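So that the names make sense, note that chain A is the first sequence line, chain B the second, and so on, each numbered from 1. Just so you know, these numbers come straight off a predicted model, no measurement behind them.
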2 protein chains.
Amino acid sequence: MPRPRRAVAAAPDLSTRQRLLAAAAGEFAARGFAGASIDRIAAAAGLNKAMIYYHFASKKDLYGEILRDMFAAVSVRVKAAAASDRPPDEKVRQFVVAIATEAEARPHFPPIWFREIAEGGAHLDAETLRHVASVVGALRHIIEDGVRAGRFKPVNVFLVHAGIVGPLLLHFVASGALRKRLQKAGVPVAENTRDEVLEHIFGVALATLEGRTS
Amino acid sequence: MPRPRRAVAAAPDLSTRQRLLAAAAGEFAARGFAGASIDRIAAAAGLNKAMIYYHFASKKDLYGEILRDMFAAVSVRVKAAAASDRPPDEKVRQFVVAIATEAEARPHFPPIWFREIAEGGAHLDAETLRHVASVVGALRHIIEDGVRAGRFKPVNVFLVHAGIVGPLLLHFVASGALRKRLQKAGVPVAENTRDEVLEHIFGVALATLEGRTS
DNA sequence: GTCTATAAATAGATAGAC
DNA sequence: GTCTATCTATTTATAGAC
């Protein structure tokens, strides 16, 4: 049911804008920034490409908005995990769940993240970089709290971060087209449920932090 | 000092071909398949773009050769690890070292691998897919041997694989431009040596296989 | 807000001289 | 083997009608 009347005249049409953002996310995920086509994005949104330049300043700006949304969402959820009053191991679990939840909410997230890593973060603007930084920062706080509580060893943040994010993104990305391709090549791809994978990754991170991995 | 005379007339000029392959690897790593430009590859090799079509059938064919070289090299080294007569834990260490060694021998390897994962392996031909499959297969054999010897628990291959390859590639990629970008954003990027990272990843994999992570 | 038409640059690929 | 010149399609982006 449509709202009976527009509240204010100036408000931009969110529906069109978000259709463009959704179509763009799919295109950037499938082909990368340089390979994505403004024409294809517009067509996928059922619109004309002139509409993209009506709503966004440039292809780079459009891509930047998608990146900002992704990392802002992760940042918020991860900081909430770090700020919770649960014990250290539960915070680590929440950290893993935070990344998984936002990745699942955006199918384009894992592939775009992978590509952005491959490009050395070339398209991350200052604000997005702060969000990325705050994700690592939140994990560092979780570890430091655990160390203070006598539960964790002071393991390097980047090793823990890579041990969580690497396998997690790999799982989500490999659940798609790559899985089918590998199956056709004779690789017996196992059926891990989402919860099994999360529990495994959490268990590995906890073992690392509790000093059971060396 | 140039060789005094060409041995056989038909032999293709390997030097030029390999200059093109090296330049292409850099371009594909930096911009992805769709974003890479034949013109830029030729210019980076100090040659003309017509030379690319003299040595390769198409852009896709050129990219395919780079992918095949990468995964063939990893496959060979990983199968050697699986076939060695060392104890199970040493085979796991060799598996980690195998991936790291080939990644270090090719700076373009980690970014291209990440991008190919993001694209669902869209550019992997049948032969390259067999190489990828054999990497997972080798790890599966290592795990099965360890289980038979009573040293490992029967952990899912893909979980172990993701736990090794994810963090490893992340480390190599994040050692480049991304590290500098994050440092400028205020993230105190730690200085992990190559050996520390490898030892950590090996330790985590071993803990997983020995059932110390749950 | 949405469209068509178009500009201007660049893409992959080929022809043909040397 | 290596080059210049060129073909054709596609690219990002804009102008201007409605």
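In terms of modelled atom types and a separation under 3.5 Å, the side chain of S58(A) and the main chain of D61(A) share a donor-acceptor contact. Side chain of E102(B) to backbone of M70(B): no donor-acceptor contact under 3.5 angstrom is found.
For A50(A), the listed nucleotide lying nearest its side chain is dT14(D); candidates were dT2(C), dT12(D), dT14(D). With distances taken from any side-chain atom of I38(A) to the nucleotides dA13(C), dG1(C), dT12(D), the minimum falls on dT12(D). Among the nucleotides dC3(D), dG12(C), dG1(C), the one closest to any side-chain atom of S37(B) is dG12(C).
Atoms CZ (R31(B)) and P (dT10(C)) sit 12 Å apart, rounded to a whole Å. Distance, M51(B) CE to dG12(C) C1': 17 Å, rounded to whole Å. K59(B) has its NZ atom 17 Å from the C1' atom of dT14(C), to the nearest Å. Summarising the geometry, the separation between NZ on K49(A) and P on dT10(D) is reported as 11 Å, rounded to the nearest angstrom. For the pair L20(A) CG and dG1(C) P, the computed distance is 12 Å after rounding to whole Å. As a whole-Å value, the separation of N48(A) CG from dA13(D) C1' is 12 Å.
Because its NZ or CZ atom is both nearer than 6.0 Å to the ring centre of F33(A) and within 45° of the ring axis, K59(A) counts as a cation-pi partner of that residue.
Among the atoms of the strands shown, only primed sugar atoms or phosphate atoms (P, OP1, OP2) are found under 4.0 Å from some heavy atom of L47(A). Among the atoms of the strands shown, only primed sugar atoms or phosphate atoms (P, OP1, OP2) are found under 4.0 Å from some heavy atom of A36(A). Heavy atoms of A34(B) sit nowhere under 4.0 angstrom from any nucleic acid atom.
Each of R40(A) and A57(A) was matched to the nucleotide of DNA chain D holding its nearest heavy atom; the match closer to the 5' end belongs to R40(A).
Around NE2 of H123(A), the count of heavy atoms belonging to other residues, nucleotides or ligands within 6.0 Å exceeds 12.
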* Worked check of side chain to side chain donor-acceptor pair (under 3.5 Å) between T128(B) and D125(B) -> CA-CA 5 Å; T128(B) 310; D125(B) 60 23; 2.7 Å; yes

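Note on S58(A): every side-chain N or O is 4.0 Å or more away from OP1 and OP2 of dT12(D). Between T16(B) and dG1(D), a side-chain N or O to OP1/OP2 separation shorter than 4.0 Å is absent. Regarding contacts with the backbone of dT14(D), every side-chain N or O of Y53(A) stays at 4.0 angstrom or more from both OP1 and OP2.
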